[in-house]
There are 2 protein chains.
Amino acid sequence: MRIQTAGTPKVMRNLNEFLILDQIIGGGPQSRADLSRYTGLSKPTVSSAIAHLIERGLVRETGRAENTQGRKATLVEFNPKCFYTLGAEVGGSGLRIALADMGGEICYYKQLAMPEGGLTETVCQDFLVQSIEGLLADSGISREKLRAAAFGIPGVVDPADGSVSDLVAPLRGCEAVLARANLARLIPVPVVTENDVNLAALAEYTSSGMAASGSLLYFSIGAGTGGGLIIHGEIYRGLGGGAGELANLMLSAGRLEDVLSTDGLRQLANRMAKEYTGAGDTAHLLSTPGGTAAQIWDAVRRGEPLALAIIEAYCNLLAEAVGSICTVMAPTTVVLGGELGSHGDILLERLESRLGGLHRKPRLAASSHGDKDVVLGAVQTAVQLAFREMRA
Amino acid sequence: MRIQTAGTPKVMRNLNEFLILDQIIGGGPQSRADLSRYTGLSKPTVSSAIAHLIERGLVRETGRAENTQGRKATLVEFNPKCFYTLGAEVGGSGLRIALADMGGEICYYKQLAMPEGGLTETVCQDFLVQSIEGLLADSGISREKLRAAAFGIPGVVDPADGSVSDLVAPLRGCEAVLARANLARLIPVPVVTENDVNLAALAEYTSSGMAASGSLLYFSIGAGTGGGLIIHGEIYRGLGGGAGELANLMLSAGRLEDVLSTDGLRQLANRMAKEYTGAGDTAHLLSTPGGTAAQIWDAVRRGEPLALAIIEAYCNLLAEAVGSICTVMAPTTVVLGGELGSHGDILLERLESRLGGLHRKPRLAASSHGDKDVVLGAVQTAVQLAFREMRA
DNA sequence: ATATATAGTTAATTAAGTTTACTAACTTAA
DNA sequence: TTAAGTTAGTAAACTTAATTAACTATATAT
């Protein structure tokens, strides 16, 4: 148990209140007597703390226990609706925003396309503000009840000051709008900005329910590639936010992002289709450079030989990448996200079998929340922030 | 400020005492008035805490300040000799043990060759016990003053229970002896066991004085290769202790350990010497398989062309390895250790120039403590452990 | 009905903080 | 030399929030 602040009686009282609150949140509805046993605090102290927590609205009585003997206990439970938080994903093509309660449950959610045409600073800012205002109005949640916000940003975020750089192309120029300082001015509650893939990784880490000693790599592959790392239970960013920026990793077939992105898959498909001498209708797999790689996955599910061969080749490359990363990092879990995450049914077992040679084989999984990963991570971060503000 | 335990008055008092102690350790000799200002605690509270710390022997008065005005302050300072700790490196060929004070300063140090012949369990255990007994006797430090011990082990250590596996060849069979539970029975103080390279990484991390947000990779290359990672200020072990086990990383020229170990360097030298058509006395570089690679470094320092060419080729491989690792991990600092660390004068600038293409270029350094890295890391870990025990 | 067990409150005590006011000791300058 | 001003450290009174012990309230079992 470390401390940074001086321990005054008031601080101690606050500490004990949150010790009790944590126990209630973690252990569900409990009686005062239970809480006294679990925390080691005396019954009067627990009662007094509960009274204050009820007064603050964080906790409420919720019926009685069915004991075998003795007086029935009054149970108290966490009131997740005491406050709300905002979690958002500012994507290159779309905005997702969610209002969640303090239990992390999303109460109101909206997905919006970004404004067409040139995304200037003012357009971007106005769009953000109006979207958030709109969601708040729809939900009927009062401003005072909103306590924190977190934004997932497709770019590099400086953890020190929340400033933003290296945004994806469609958002370029909006760095100043998405900086933490600016967002906090607009909303105005405590705000964090964080790289989108890092938030996705956090969401998967939490929902996996793994121990704090475990680590997780979120490997996002779509139009581009990215990685998010959770180590010691928190986001590991690395020098200049570069941890998990896997795009530049060299594989035997070339640069990771060139080889494994949807564009890389398309090129691989084109090459293999040209070499393919067997019969059958394979022309539709030769998608044009501007097209998508979606047909390949459909073809695999239909069992077409060429598509299967392409995917086998692709998985060789994917396994090489994951293998290298695991040799360096040894994550407990690797989660596939982005475009790829949605094809876990095809990829996971192929990848699994190819990683047999690895000394420490991680648990493999596909993203369990799909394209909502980032928003969920943002919500979770916002909830954490709101709690931290209350504790302080 | 988090808390796991209930906040009783006694706990609060202890917390405040250690808050003050930390400030004294971090800030050097200070007056009670200074401490009151820095910690935010009132002067009477500080005075009372200091009285208790002096009574416990952790702190002592140390003269008076030279103020410009007013009454001269009595300074108090940390007394590092209040307790002692043991740090050890159990190597394949030798044992290093150190007795250090609570300031981490090594007071007594001994380096011993492991017993010749078959290293059975009993031989290993007796040797350990006698070595430690001997050092304690030499130092004249009483058993009661010894408060913790840490052992660096060349193998995989399970952080959960401190058990040991995959020991290097010479120590194989001594797993049970080096397990934490057994060592704690022998000494008997709180004991930690930890992988040796991880401890070396910790030693470098601490002595570099970097911020907690920084991360460090200790890249040890000798007869074998190993890596230690410090992330969020603590050792990151990864799944099954596999983080930083770089040996199996595939480079363009083959498996990392095969290519970069002293043996790999020797093979590279042999290959290049055979191809070498130039004149000059190069025969001595063709060392026999049982020899060492040491001649190459000497030859480089003498400026011999073949040796220089070999090192250039070797650095290409080294840069490929470090580059891959940095792309995944983005450590703030990379430290070269083991055999290689001692040739930083030759390697560092060559490596530096080859990493120019890297997006996030880490600080490069050679091990600053050489072959004492592990013992220093062990001492530091033991000191931390001793403090943790006192706080609890 | 009575005994026993459990939940939660009240009252007295204790620990450790704070503030306020003091004494002690030192420097500067009339 | 003496008075004024400044800083260090202590003493006393007060405040907060913990504890224990005793009590009340409410349940089940015999």
Side-chain angles (χ1 to χ4, degrees), chain A residues 1 3-21 23-24 27 29-56 59-77, chain B residues 1 3-21 23-24 27 29-56 59-77:
Chain A
M1 182 173 65
I3 196 173
Q4 278 84 40
T5 327
T8 66
K10 203 160 275 184
V11 166
M12 179 167 74
R13 165 116 207 197
N14 198 44
L15 243 40
N16 283 335
E17 263 179 38
F18 279 97
L19 179 72
I20 289 167
L21 185 62
Q23 174 60 33
I24 295 174
Q30 286 160 87
S31 69
R32 291 164 174 82
D34 286 336
L35 290 165
S36 169
R37 276 187 290 270
Y38 294 142
T39 61
L41 291 163
S42 66
K43 290 197 288 172
T45 300
V46 171
S47 286
S48 145
I50 294 276
H52 193 211
L53 286 169
I54 288 174
E55 197 189 324
R56 293 220 261 166
V59 151
R60 62 187 169 204
E61 296 196 338
T62 181
R64 334 215 38 196
E66 285 304 319
N67 292 13
T68 51
Q69 269 178 320
R71 170 177 174 177
K72 279 182 186 161
T74 311
L75 300 178
V76 293
E77 66 174 0
Chain B
M1 181 172 63
I3 197 172
Q4 277 83 41
T5 327
T8 66
K10 204 160 274 183
V11 166
M12 179 166 75
R13 166 113 207 200
N14 199 43
L15 244 39
N16 282 336
E17 263 177 38
F18 278 98
L19 179 71
I20 289 168
L21 185 63
Q23 174 60 36
I24 295 174
Q30 286 161 86
S31 69
R32 291 163 173 83
D34 286 337
L35 290 165
S36 170
R37 276 187 290 270
Y38 294 142
T39 61
L41 291 163
S42 66
K43 290 197 287 174
T45 301
V46 170
S47 286
S48 146
I50 293 278
H52 193 211
L53 286 169
I54 288 175
E55 197 189 323
R56 293 220 262 166
V59 151
R60 62 187 169 204
E61 297 196 337
T62 180
R64 335 215 38 195
E66 285 305 319
N67 293 12
T68 51
Q69 268 179 322
R71 172 176 172 179
K72 278 181 186 162
T74 311
L75 300 178
V76 293
E77 66 174 1

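Letters A, B, ... are given to chains in the order of the sequence lines, protein chains preceding strands, and every chain is numbered from 1. Remember, predicted model here, so these are calculated numbers, not experimental data.
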Nearest heavy-atom approach of B/Ile54 to B/Glu61 is CD1-CG, 4.0 Å
Correct closest heavy-atom pair for A/Ile20 and A/Ala49 would be CD1-CB, 3.6 Å
Within the sub-3.5 Å range, which N or O atoms of nucleotides 13-17 of chain C have a protein N or O partner, and how far apart are they?
unit_1: C/dG17; atom_1: OP1; unit_2: B/Asn16; atom_2: ND2; d: 3.1

By side-chain hydrogen bond (donor to acceptor under 3.5 Å, both in side chains), B/Thr8 pairs with (sequence neighbours left out) none
Can you check the [X] [atom1] to [N] [atom2] distance for me, whole Å?
X	N	atom1	atom2	result
B/Ile50	D/dT10	CD1	C1'	14 Å
A/His52	D/dA18	NE2	C1'	16 Å
B/Arg37	D/dG9	CZ	C1'	12 Å
A/Glu61	C/dA7	CD	C1'	12 Å
B/Leu75	D/dT7	CG	C1'	13 Å
B/Leu35	D/dA8	CG	P	11 Å

Any strand, both distances under 3.5 Å, Watson-Crick or G-U wobble: C/dA30 pairs with D/dT1
Looking only at C/dA7, D/dA11, D/dG9, the nucleotide nearest the B/Ala33 side chain is D/dG9
At less than 4.0 Å, is any side-chain N or O atom of [X] found next to OP1 or OP2 of [N]? Yes or no.
X	N	value
A/Ser47	C/dG8	no
A/Thr74	C/dA7	no
A/Ser31	C/dG8	yes

When rounded to the nearest 0.5 Å, the distance separating CZ of B/Arg37 from CD of B/Gln30 is 10.0 Å
Between the CG atom in B/Leu19 and the CD1 atom in B/Ile24, the distance rounded to the nearest 0.5 Å is 10.0 Å
5' to 3', nucleotides 22-30 of chain C under a 4.0 Å protein heavy-atom cut-off (B base, S sugar-phosphate only, - none) gives --BBBS---
